[in-house]
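Notes to accompany the following structure.
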Amino acid sequence: MTNGKTVLPMHNRILSSLKEAVLFVQDDGEIIETNNKANSVLGLESLQGISIFDFIDFDLLKESNEVHLLMDQRNKKGSLLEVKSILVSNNVFCLIVHPLSLQDKSEEIKKYINENTFADKEGIVMFGEHHIIDCDPNFATMFGYSVSEMKGMEITRLIDQKSIVKLSNQNSVNPYELIGIQKDGSKFHVEVIDYPYNNQGSIIQVASFKDITERVMNENQIEYMAYYDELTDLPNRNFFNKVLKEAVDEAKKSGEILAVYFIDLDYFKEINDTLGYSFGDKLLTACGERLKSFLDMNTFIARMSGDEFLILHRLASTKEAAVDLAEEIIAAFEKPIKIEDYEIYTSISIGISIFPENGTNANDLIKHADSAMYVIKEKHRNNYNLFDSSISENFKMRLTMETELRKALREGQFELHYQPQKNLSSGKVVGLEALLRWNHPQKGYIAPAEFIPLAEKTGLIIEIGDWVLYEACKQNKVWQDKGYDPVTVSVNLSAKQFHQRSLVDKIKEILAETGLSPYYLELEITESMAMSNEDYILKTLKDLRDLGVLVSIDDFGTGYSSFKYLSLFPITKLKIDKMFLKDEQRENKAIVKSIIHMSHSLNMKVIAEGVETMEQFNFLTQERCDEMQGFYFSKPLPPKQLTKFFRV
């Protein structure tokens, strides 16, 4: 078929028989041939002088040899055409045109997006450069409008200004997120997937909008939980680590000094135990608010855990400047905190580490600030302490000893020595105090004063204490089975051991396993332990006495016992602290006399420890003290050396 000089690649009879609307157009826009279907779709009556530009934006089609677009039909407002353009010769394009509506394409779009996930919270919209051409009911409902209200509306009215740029710059089929604006002004989160008819620059876009507000809120909550402390609304340790790492990286480049503060509330445990955990939470919240008053561009504050907080201070020009902030924080906590009907006076202990002097990474800076805090808390409280290398060395030694303690327990390096207890009236050995010894394979015997405090701090005292109880009971039963006169074995309990809820049951099991009668086991607790929690302690002591186990108070006279407690508690014996025997002062002798007479008036026995001289021995005998132990009679000995004190 020819048309002037233009040769078309299709015979006119074939063209007219096609059911699709087909046009041939020159590159200047002149329509050179159509079939009846094309005439009907475009509303053509004659080809003479007709340009395709009267119907569509032909320039968009000329940009490529083959294009598939959705386009506005210019001569029919609100009508859309799906146009496929193919360059068939150097200057002629074949256009295949199909009129369509949003409904015509909705099922295809749903399938493209994912028909399995399409739900009521998803809607489809068709829009041009500025205005909405059509939408489905779901889309209209999502934004709070009717479909008729939506048509012709500017699409920008539905999108928050901050995310408009995302809508106008999408050239891919990947989902992206926008902030939508509903009719009442409410904002919500939407996920948008563009249908790929607009990827060649068409003025028409079709997209699926999905309400993802609930998902975003859940994600935000998860992110909040990952980086914030719910109780105080402060950043948590994870967030602090992240910020500190970034600050360290910047400081390495700029040469600035950073200060890290590790803050611990003093006496928080006591407040928690006295007023309850709910009150403790309120106190932590109030302390968090007080710390927030120090927030500024160069200060970052977080809650570490429990009653511990962290502060990062940037641009701390000198150590003195770092100390100044610590003093300001301590001063802020001198004012009482009002909670319910209480005015709580609390103080804080602060450890400070300086970058780069005390560490060049986040982990070391936090660790060293923590170490410095513990040193000051153990000594003074309500004070600050700058980290120095000696602290680190002490902690390394402590860590090494902790490792060796665990190994000692595992490999049987512990021993029990026993100090005989003598009845002053009969002269017989009536008891033995079990004393722990650590026989290190390289260092020899290590003094209890060096490792017991560490065992207390690390909690190892529970395992070690269980071993001592078991070994003392087992050894005492061995002596009895050999036919020696039965004696009582005394075992010191640590505070952590004594406050175990399972203590009584544990002692029952040990007695059952070793076969020792409860009457031959005596547990020694300190005066301060006995008086720390009246109701609970009283129940534990009564349960032990019901079991048949004896209970004595060690180091008596150094605490704050009253006759009320001593009369209530089922104590069998008081042990006079050796400090009252070391001095020959008249006042100390008077105290010893009073303790002996008081004990007897309460039907308790009394024993004096640390007896080292004949004068002390004669004084105690004269005052009718029941029992004694000390170097004057015997030092603590291993089991094999004790047989000379037993009678068969």
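This one's a predicted model, so the numbers in the text were calculated from it and none came from an experiment. If you read the sequence from its start, that first residue is 1, and numbering goes on from there.
Side chains of Glu433 and Gln419: no donor on one and acceptor on the other come within 3.5 Å. Side-chain atoms of Glu415 and Tyr445 form a donor-acceptor pair, as typed in the model, at a separation below 3.5 Å. A donor-acceptor contact under 3.5 angstrom links the side chains of Asp229 and Thr232, judged on distance only. In the model, Lys407 has no side-chain atom that pairs as donor or acceptor with a side-chain atom of Gln413 under 3.5 Å. At a cut-off of 3.5 Å, with distance as the only test, a side-chain donor of Asp266 or Ser347 sits close to an acceptor on the other residue.
Aromatic rings from Trp479 and Tyr418 are positioned such that their centres are separated by under 6.0 Å. If you look at Phe633 and Phe645, their ring centroids are closer than 6.0 Å. Aromatic ring centres of Phe309 and Tyr261 lie farther apart than the 6.0 Å criterion allows.
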Start with the C-alpha distance between Ile596 and Ile576, add both sets of side-chain angles, then the distance that settles side chain to side chain contact (heavy atoms under 4.5 Å, CB included), and finish with yes or no. CA-CA 9 Å; Ile596 293 171; Ile576 301 173; 4.0 Å; yes
Output, in order, the C-alpha distance, side-chain angles, deciding distance and verdict of side chain to side chain contact (heavy atoms under 4.5 Å, CB included) for Thr540 and Leu503. CA-CA 8 Å; Thr540 302; Leu503 176 65; 4.2 Å; yes
Apply side chain to side chain contact (heavy atoms under 4.5 Å, CB included) to the pair Ile329 and Leu291, showing each step before the final yes or no. CA-CA 8 Å; Ile329 297 170; Leu291 288 172; 4.0 Å; yes
Do Ile337 and Cys287 pass the side chain to side chain contact (heavy atoms under 4.5 Å, CB included) test, and can you show the C-alpha distance, the side-chain angles, and the key distance before you say yes or no? CA-CA 8 Å; Ile337 296 174; Cys287 290; 3.7 Å; yes
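A salt bridge links Lys367 with Asp364: the closest approach of a Lys/Arg side-chain nitrogen to an acidic carboxylate oxygen falls below 4.0 angstrom. Lys605 and Asp626 are not joined by a salt bridge, as no carboxylate oxygen comes within less than 4.0 angstrom of a charged side-chain nitrogen. A salt bridge is absent between Lys542 and Asp546; no separation between the charged side-chain nitrogens and carboxylate oxygens falls under 4.0 Å. Here Lys506 does not pair with Glu509 in a salt bridge; the nearest charged N to carboxylate O distance is not below 4.0 Å. Looking at Lys443 and Glu404, a side-chain N of the basic residue comes within less than 4.0 Å of a carboxylate O on the acidic one, giving a salt bridge. One finds a salt bridge joining Lys573 and Glu522 here, because a Lys/Arg side-chain nitrogen approaches an Asp/Glu carboxylate oxygen to under 4.0 Å.
Counting non-hydrogen atoms of neighbouring residues, nucleotides and ligands closer than 6.0 angstrom, the NZ atom of Lys377 exceeds 12 such neighbours. Under a cut-off of 6.0 angstrom, the local environment of NZ in Lys422 is crowded, with over 12 non-hydrogen atoms contributed by other residues, nucleotides or ligands. For Lys292, the NZ atom sits in a packed shell: over 12 heavy atoms of surrounding residues, nucleotides or ligands are nearer than 6.0 Å. More than 12 heavy atoms of other residues, nucleotides or ligands shown are found within 6.0 angstrom of CZ on Arg545. Open room surrounds NZ on Lys508; 12 or fewer heavy atoms of other groups in view lie less than 6.0 Å from it.
The closest side-chain heavy-atom distance from Ile350 to Asn383 is not below 4.5 Å. Between Leu469 and Leu493, some side-chain heavy-atom pair lies under the 4.5 Å cut-off. Residues Phe300 and Ile311 are not in side-chain contact: their nearest non-hydrogen atoms beyond the backbone lie 4.5 Å or more apart. Between Tyr384 and Ile376, every side-chain heavy-atom pair lies at or beyond the 4.5 Å cut-off. Looking only at side-chain heavy atoms (C-beta outward), Gln475 and Leu416 stay at 4.5 Å or farther from each other. With a 4.5 Å cut-off on side-chain heavy atoms, Tyr227 and Pro235 do not count as touching. Tyr520 is not listed as a side-chain neighbour of Leu550, based on a closest heavy-atom distance of 4.5 Å or more. Residues Ile507 and Leu521 meet the side-chain proximity criterion, which asks for heavy atoms closer than 4.5 Å.
Of the inter-residue distances, the one linking Arg303 atom CZ with Ile301 atom CD1 reads 14.5 Å to the nearest 0.5 angstrom. Rounding to the nearest 0.5 Å gives a distance of 9.0 Å between CZ of Arg406 and CD1 of Ile464. For the atom pair Ile607 CD1 and Lys575 NZ, the distance stands at 5.5 Å (nearest 0.5 Å). Rounded to the nearest 0.5 Å, atoms OG1 (Thr346) and CD (Glu334) are 11.5 Å apart. With rounding to the nearest 0.5 angstrom, the CG atom of Asp388 is 8.5 Å from the CG atom of Asn358. In this structure, CD1 on Ile330 lies 11.0 Å from CD on Glu328, to the nearest 0.5 angstrom.
Remark: the backbone N or O of Val375 is not paired with any side-chain donor or acceptor of Asn385 at under 3.5 angstrom. One N or O on the side chain of Thr613 and one on the backbone of Gln616 form a donor-acceptor pair closer than 3.5 Å. Formation of a donor-acceptor pair under 3.5 Å by the Glu513 side chain with backbone atoms of Ile510 is not found in this model. The main-chain N or O of Glu456 is found under 3.5 Å from a side-chain atom of Lys496 such that the two form a donor-acceptor pair. A donor-acceptor contact shorter than 3.5 Å links the side chain of Ser494 to the backbone of Gln497.
Here the closest non-hydrogen pair linking Met304 and Leu310 is SD-CD1, 3.5 Å. When all heavy atoms are compared, the tightest approach of Glu524 to Ser552 is CG-OG, 3.1 Å. Taking both residues in full, the closest heavy atoms of Pro420 and Leu432 are given as CA-CD2, 3.6 Å, listed atom of the first, atom of the second, then distance. Between Cys473 and Leu511, the closest heavy-atom pair is SG-CD2, 4.1 Å. When every heavy atom of Arg290 is checked against every heavy atom of Ser293, the shortest pair comes out as O-OG, 2.6 Å. In terms of heavy atoms, Ala372 sits closest to Ile352 at CB-N, 4.0 Å.
Aromatic ring orientation, His368 versus Phe387: parallel (interplanar angle below 30°, classes split at 30° and 60°). Note: Trp467 and Phe414 have tilted aromatic rings, judged against thresholds of 30 and 60 degrees for the angle between ring planes.
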